[in-house]
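This report refers to the structure that appears directly beneath it.
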Amino acid sequence: MSDHRYRPDLAKKIEQRWQKHWQESGTYRQANPGDPGFDAHRPKYFGLDMFPYPSGSGLHVGHPLSYTAADIICRHYRMKGRNVLHAMGWDAFGLPAEQYAIQTGVHPAITTRRAIETFRGQLQRFGFCYDWDREFATIDEDYYCWTQWIFLELYETWFDKDAQKGRPIAELIAAGESGAIRIGIKNEPVTDGGRAWSELDADEKRAFLDGQRLAYLGEQTVNWCPKLGTALANEEVIDGRSERGEFPVVRKPLRQWMFRITAYADRLLAGLEDIDWPHSTKSMQTEWIGRSEGAEIEFRVVDQDRTLRVYTTRPDTIFGATYMVVAPEHELVAEALASNDDPMLHAYVEAARNRSDLERIESKEKTGVFTGFMAHNPATQKDVPIWVADYVLIGYGTGAIMAVPGQDQRDWDFAKKFELPIVRTVKPPADFDGEAFTEEGPAQNSAFLDGLGIADAKRGIIEWIEENGHGTAHVNYRLHDWLFSRQRYWGEPFPIVWDEQGRHWPVGRDALPVQLPEMADYQPIESDEPQPLLAKAKDWLYTTAGEAGVDGLPHDAKVRRESNTMPGWAGSCWYYLRYADPSNKERFAAREIEQYWMAGPDGKSQGVDLYIGGAEHAVLHLLYARFWHQVLFDRGHVSTPEPFGKMFHQGMITGHAYQRADKTLVPIDEVEERDGQSIEVATGEAVTEIVAKMSKSLRNVVNPDDLLEEWGADTVRLYVMYMGPLSDSKPWSTDDVTGMLRFLSRSWRAMIDVDSGEPLNAGAADEQTERLLHRAIAKVGADIEKLHFNTAIAAMIEFVNGAKALTADQSNRFVRILAPFAPHMAEEIWHRMGGEGSVANATWPAFDEAKLVDEEVEIAVQILGKVRSRIRVPSDASKDALEAAALADPAIVAQLEGKTVRKVVVVPGRLVNIVAQ
RNA sequence: GCCGGAGUGGCGGAAUUGGCAGACGCGCGGGAUUCAAAAUCCCGUUCCUUCACGGGAGUGUGGGUUCGAUUCCCACCUCCGGCACCA
């Protein structure tokens, strides 16, 4: 009876022992520049995992998937001699934690800390090589102090358009004072025209500066979610519902803290070119930013003292603008309602207002009503009607368009329905039988533009528009400024106070953090009107300038704290920087430490070396974090222009479910296998097995704790990596896990005597085994770097299956390539074999190129592309030798009888193809 | 509708530059060991055809380029992800 076989029980014992040992001896602690024992000559590797949100329900199988991948990479580079930064922390502020606290009636500070404990415990049982000394949570005062500090940096930065760079507000003041800039009519900095800084009074100066800050108060139509009791960013609203909870969202004008992310639109686009990210994610960001070039054109409204400004990407078609359309929320509509009592108009606007975005999207049938106003088309000199219609959106461009039915299908549909005139200004080809013509063609019916192609016509008309004062060329973005305030409790307070005149003041850096007040009552106020929860904490809310640490006001001046909180994204925007230097009290991270881990010892690295995480954050976290990072870079606080040099998305782990004939789904526990058929127990009907998302309702969710209990961590790590390519979505199949346990068990048996538990050592090395080992070392190393973990594991399996008795030296090398994948087993064997220190610090084994090829190879001989025979030849056989050997092969000779050989194609080492007829 | 990605055995998947399709794992079949079972080990396992040797077909479908195509080109189908009246 062998007591030392590798089974789950032994695996768990080994795993617990080593996890304890690693923690106690600080095996995975990584020294920083300046620390004793730090080797500054080694290259760095910064492997980053997505910042987990510690929810009350614990880890999900998606976490171990991407975390194991990063763990293998980090362990591999460590063995290759790099300093590796790999840490874990907690994204702990935010709505879900607060919702969970409300459900359970326990304070979010408690539920969140508890959830963190659960998550940490679960992650530690996987044996990940995090440097736990670097752990922090966004709710730690030491951390959110710096989140507030970065907010103040954005507050004190303006974007210099000419330099395409964020600069300190102090430089803007200096430029004003020196006369280098003047203040234009739209309160923007200009070089000529406008007013001098000295002509402005104090309030005007303040308004000018506030209008330039990257963090500013904007009166905006925001996405208000009554159910969640908070406003949401555009990115958090999907089809008119909240991303979290899927509650209805309505539009509401609100004065809120905003980030001027639109100023960085071009920088955010340009930066994508320099980073190694999935193409799909780059294009999602590009589309989200939605840059387009065109013109803003002013149309005089007939008999009214106002103009109507439209944005168009096709100013060249202005001669075909036969009517105008404004969105129902456009201010001109309010004026129309006041001066026009047409019941149709009133009814339409009322209906449009009550129509949700969802309903608008669902029905593409064009609707609209004439407003009663006419606009003057400056190109045709004709007056055209202004309609209101909900196919024009208030949130894009100016909320108004010039309608050109001849060149725009939407306008065509509308014009047809309401019998509006259509003028084609681009000549379609003779055989064109479509409706609106949107392709390239010569201009017509367009006076001085006639005959020009679209690009030339655009240039010509923009010149004309600008010369005649009708408008200007304009670059438009779909991206909106980022709404940054939430009306909830569980978030970072803003480092801002309000004085009695209603002016806002920054809290001094020395007074940070502005602590989140303890509140017993954190129930949200479900309401149609925004009511920040922190306003209920009166003692905290009302204070003095001195107490709040505000410069520029008398010490005893009464102030009221900003009662909004930051959204969940705040903490995750910069956490990777804090991993570098998590306990720094003077700075978010010491300069030289940040520089080493982000830019590298040679300054050439583009931030994080590998960031593995889901694709669902493509336009949220990944865009926001880039924006903050670019601002910090412009202000000289970080050393790389981009935060994440390489990004990789893992696929989703799905589950199985069953489908009835009518396509409805059946949970897995309501189906039985009978005679090889899947039968729904309740009905006796046959159902088919399909792949479906894991969900509680289908009862196909896999719990990581159960997996660890049943198999042990090393087996589970191997299985999630072996399922398929990391980036693919793939179904969980518990039956397959056993294959990985068998592989580990065989590996163990190849190196350890299962009767005595002592390491095995064959007397002499078997040459074929040695070759297989070299091949495995080469393949595993190369595959890890390519993130091809499934084939790396297959290579190790092939080695173990093909190996004869191993020498101690062979075991020693094999256990080192196994170590990144199955670190506990590898550590155990390493020590039983008398290895020094931790296998995690052993060097990656070398291989000999010469041992990768066999001396003799079998190559295929084809006739007309079909394999007819195989011959064994020396692997370095020449072309001529191969051809001769192939033509001499008896099977080939027989096949060629009566045929003429026209050509022989020889690929050395691969095959011979004989063309014969 | 537009933009990505993907379609390979019963299942998950593998295939350097265009060069032996199905590595590796699961499952399944057969055998060894065992009183028996578990575990383990060995052999087999794309489909059709043949007693067999062998032959034929085959990487979503249809064409094309090539001595040779899972790989390149064209058209189409299906699935997944994203965007969607963006002027």
Side-chain angles (χ1 to χ4, degrees), chain A residues 2 5 7 238-239 278-284 286-288 290 292 294 310-315 317 321 325 327 360-361 363-366 389-393 395-404 407-411 413-414 476-478 615-616 618-619 649 651-652 654 656 676 689 691 693 718-719 722-725 727-740 742-743 745-746 749 754 782 788 790-798 800-801 857-870 902-916:
Chain A
S2 53
R5 284 180 304 174
R7 315 280 319 264
I238 295 160
D239 293 342
H279 180 260
S280 59
T281 301
K282 285 189 183 185
S283 72
M284 266 189 249
T286 304
E287 281 165 22
W288 189 261
S292 72
V310 303
Y311 172 71
T312 177
T313 55
R314 292 294 302 276
T317 62
V325 186
R360 274 197 197 187
I361 290 161
S363 103
K364 299 225 167 168
E365 181 66 20
K366 298 281 179 292
D390 69 3
Y391 82 90
V392 170
L393 307 175
Y396 186 80
T398 61
I401 62 157
M402 62 176 207
V404 189
Q407 272 72 232
D408 185 288
Q409 189 60 41
R410 295 155 301 179
D411 296 344
D413 294 342
F414 193 83
N476 193 59
Y477 300 94
R478 205 182 78 123
E616 67 274 14
V619 293
H649 298 311
M652 201 177 20
T654 53
H656 286 288
E689 187 173 6
V691 169
K693 278 189 187 179
L718 250 334
Y719 175 64
Y722 191 67
M723 288 173 77
S727 58
D728 288 7
S729 283
K730 53 236 155 192
W732 183 271
S733 175
T734 297
D735 287 347
D736 293 352
V737 182
T738 191
M740 292 301 106
R742 282 180 200 159
F743 160 61
S745 182
R746 276 201 298 275
R749 202 161 355 103
V754 292
H788 292 179
N790 53 334
T791 51
I793 294 168
M796 290 189 285
I797 296 173
E798 282 185 78
V800 171
N801 289 352
V857 289
E858 186 181 74
I859 70 161
V861 183
Q862 300 179 330
I863 295 175
L864 285 173
K866 289 190 194 305
V867 179
R868 298 294 177 184
S869 183
R870 292 166 209 280
R902 300 194 185 281
K903 188 176 168 187
V904 179
V905 181
V906 182
V907 184
R910 293 243 170 237
L911 55 62
V912 177
N913 188 14
I914 300 163
V915 185

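Predicted, not measured: the structure shown is a model, and the values here were computed from it. What's counted below: heavy atoms across the whole structure, side chains too, no hydrogens, waters or symmetry copies. Chain letters run A, B, ... following the sequence lines, proteins first, then strands; residues in each count from 1.
Across all their heavy atoms, A:Lys730 and A:Pro725 have their closest contact at NZ-O, 2.6 Å.
At whole-Å resolution of the value, NE2 in A:His279 and C1' in B:G81 are 14 Å apart. Separating the CE atom of A:Met740 from the P atom of B:G13 is a distance of 14 Å, rounded to the nearest angstrom. If you measure from atom CG of A:Asp728 to atom C1' of B:A14, you get 12 Å, rounded to the nearest angstrom. In this structure, A:Met796 atom CE and B:G25 atom P are separated by 13 Å, rounded to whole Å. Atom CD of A:Gln409 and atom C1' of B:G1 are 11 Å apart (whole Å). Rounded to an integer number of Å, the gap from CD of A:Gln862 to P of B:G19 is 11 Å. Atom P of nucleotide B:A87 and atom OH of A:Tyr477 are separated by 14 Å, given to the nearest angstrom. The CZ atom of A:Arg910 sits 12 Å away from the P atom of B:A21 (whole-angstrom rounding).
When both pairing distances are held under 3.5 Å, B:G25 makes a Watson-Crick or G-U pair with B:C11. Base-pair partner of B:U40: B:A32 (Watson-Crick or G-U wobble, both distances under 3.5 Å). Judged by Watson-Crick or G-U wobble contacts below 3.5 Å, the nucleotide B:U16 has no partner. Pairing partner, B:A6: B:U78, with both Watson-Crick or wobble hydrogen-bond distances short of 3.5 Å. Across the strands present, B:U70 finds no partner; the criterion is a Watson-Crick or G-U wobble pair with both atom distances under 3.5 angstrom. In this entry B:U65 has no Watson-Crick or G-U wobble partner, no candidate having both defining distances under 3.5 Å. Under the Watson-Crick and G-U wobble criteria, each requiring two contacts below 3.5 Å, nucleotide B:G58 is left unpaired. For B:A84, there is no paired base (Watson-Crick or G-U wobble, both distances below 3.5 Å).
Ring geometry for A:Tyr391 versus A:Phe414: interplanar angle of 30 to 60°, hence tilted.
Taking NE2 of A:His788 as the start and CD1 of A:Ile793 as the end, the distance is 13.0 Å to the nearest 0.5 Å. Distance check, rounded to the nearest 0.5 Å: OH of A:Tyr396 to CZ of A:Arg478 gives 9.0 Å.
The residue A:Asn476 sits apart from the nucleic acid: no heavy atom pair falls under 4.0 Å.
If you check B:C67, B:G25, B:A39 against the side chain of A:Ile797, the one that comes closest is B:G25. Closest to the A:Arg478 side chain, of the nucleotides B:U16, B:A15, B:A84, is B:A84. The side chain of A:Arg742 lies closest to B:G27, out of B:G27, B:G19, B:A15. Checking B:C24, B:C67, B:A21 against every side-chain atom of A:Val867, the shortest atom distance belongs to B:A21. Relative to the side chain of A:Lys366, the nucleotides B:G25, B:C67, B:C85 differ in distance, and B:C85 lies closest. Residue A:Tyr391 places its side chain closer to B:C85 than to any other of B:C85, B:C26, B:A14. Distances were taken from every side-chain heavy atom of A:Met284 (C-beta onward) to each of B:C26, B:G82, B:C67; the shortest belongs to B:G82. Comparing atom distances between the A:Glu287 side chain and each of B:G55, B:A21, B:C83 picks out B:C83 as nearest. Of the candidate nucleotides B:C67, B:A84, B:G27, B:C67 has the atom lying nearest to any side-chain atom of A:Val915. Here B:C26 is the nucleotide among B:C26, B:U16, B:A23 with the atom lying nearest to any side-chain atom of A:Thr738.
Distance check on atom P: B:G27 versus B:A38 gives 13 Å, rounded to whole Å. Distance noted for atom P between B:G25 and B:C42: 11 Å (whole Å). Comparing the C1' positions of B:U46 and B:G58 gives an interatomic distance of 8 Å, to the nearest angstrom. Taking atom P in both B:G18 and B:C73, one finds a spacing of 10 Å when rounded to whole Å.
For the pair A:Arg868 and A:Glu858, both in contact range of RNA chain B, the more 5′-proximal nearest nucleotide belongs to A:Glu858. Position along RNA chain B of the nearest nucleotide to A:Gly399 versus A:Ser280 favours A:Ser280 as the more 5'-ward residue.
For the side-chain contact (heavy atoms from CB on, under 4.5 Å) with A:Phe743, the qualifying choice from A:Thr738, A:Val800, A:Asn801 is A:Val800, the only one to do so. With respect to A:Val325, the side-chain contact (heavy atoms from CB on, under 4.5 Å) criterion is satisfied by exactly one of A:Asp390, A:Val392, A:Val310: A:Val392.
Residues A:Met740 and A:Ile797 form a side-chain contact, since some pair of their non-hydrogen atoms from C-beta on lies under 4.5 Å apart.
A syn base is found at B:G9: its glycosidic angle is within 90° of 0.
A donor N or O paired with an acceptor N or O is not found under 3.5 Å between the base of B:C26 and the side-chain atoms of A:Asp736.
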